[in-house]
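Here is the structure we will look at, set down as structure tokens.
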Amino acid sequence: MPFWIVVGLIFLGIIIVLNLYGPLKGSTPADFNDADAKVNNPLKPCPGSPNCTTASVLFEPSVDKLFEVVLSAIEKSGSEKISANSQELQINAVFRIPIFGFKDDVVVKIDSYNSKSILFIKSSSRVGKGDLGVNRRRVSKLLSEIEINLNKSI
């Protein structure tokens, strides 16, 4: 067998293993612990394929302050398109994967909950059955950015 075919097969095997078990495994709704299991997430549930994740997180600031911080974090994150509705406290954003051009959708909904604010976030791929963990990493990065910005404003 030619050398480059062997190298290619080894590389393909490594990618498959990382996609199934490692940092490149697909995103799932179970990637994040929900803030409170009793709270119904108002966002549409993820499909069964590993290309979508959701999270719900409690925050101390008012819903209006949290909305501002989340909108700022999404604007800084390089989204292609943002649609924000401050009346409904909902943000829709579209992200484009740089190399292949696939589009991913991010939906954020903010609500009051027991004198706190709760953030619901969903990141999902429009096409395909896997995402190599892109949506999980995007949500994680956005939540970190939101935490940092909230701590700065206190």
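Under a 3.5 Å cut-off, the side chain of Ser62 and the backbone N or O of Lys65 do form a donor-acceptor pair. Here the side chain of Asp131 pairs a donor or acceptor atom with the backbone of Asn135 at under 3.5 angstrom. Between the side chain of Arg138 and the main chain of Gly133, no donor-acceptor pair closer than 3.5 Å is present. The closest donor-acceptor contact from the side chain of Ser117 to the backbone of Val63 lies under 3.5 Å. Panel note: side chain Ser77, backbone Ile74; a donor-acceptor pair is recorded below 3.5 Å.
Using a 4.0 Å cut-off between a side-chain N of Lys or Arg and a carboxylate O of Asp or Glu, Asp104 and Arg126 do not qualify as a salt bridge.
Distance check: Thr54 OG1 to Phe120 CZ gives 10.0 Å after rounding to the nearest 0.5 Å. To the nearest 0.5 Å, the span separating CG on Leu66 from CG on Leu150 amounts to 6.0 Å. Here the CG-OG distance, from Asn149 to Ser72, works out to 5.5 Å after rounding to the nearest 0.5 Å. Lys103 contributes atom NZ, which lies 13.5 Å from atom OG of Ser124 (distance to the nearest 0.5 angstrom). Asn85 contributes atom CG, which lies 10.0 Å from atom CD1 of Ile91 (distance to the nearest 0.5 angstrom). Here the CD1 atom belonging to Ile148 is positioned 7.0 Å from the NZ atom belonging to Lys152, to the nearest 0.5 angstrom.
Closest of all the heavy-atom pairs between Arg96 and Gly101 is NH1-O, 2.9 Å. For Gly130 against Asn51, the heavy-atom pair with the smallest separation is C-CB, 3.9 Å. Nearest approach of Lys122 to Cys46, heavy atoms of both residues: CE-SG, 4.3 Å. Of all heavy-atom pairs between Asn41 and Leu43, the closest is OD1-N, 2.9 Å. The heavy-atom pair separating Phe67 from Ile110 by the smallest distance is CA-CD1, 3.4 Å.
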### Query
Given Asn92 and Asp105, is the side chain to side chain contact (heavy atoms under 4.5 Å, CB included) satisfied, shown in steps?
CA-CA 7 Å; Asn92 297 309; Asp105 296 307; over 6 Å; no
#### Entry: side chain to side chain contact (heavy atoms under 4.5 Å, CB included) between Phe59 and Leu119, worked out
CA-CA 8 Å; Phe59 290 99; Leu119 171 119; 3.9 Å; yes
### Task
Under the side chain to side chain contact (heavy atoms under 4.5 Å, CB included) rule, what do Phe102 and Val127 come out as? Steps first, then yes or no, please.
CA-CA 7 Å; Phe102 299 129; Val127 297; 3.8 Å; yes
### Message
Does Ile118 form a side chain to side chain contact (heavy atoms under 4.5 Å, CB included) with Val57? I'd like the steps, not just the answer.
### Response
CA-CA 6 Å; Ile118 188 164; Val57 183; over 6 Å; no
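Contact annotation: the side chain of Arg137 approaches that of Val134 to within less than 4.5 Å [non-hydrogen atoms, C-beta and beyond]. When side chains are defined from C-beta on, Asp64 counts as touching Leu89, because their heavy atoms get closer than 4.5 Å.
Criterion: ILVMFWY side-chain heavy atoms under 4.5 Å apart, direct or through other members. Under it, Leu71 and Val94 are not part of a common hydrophobic cluster.
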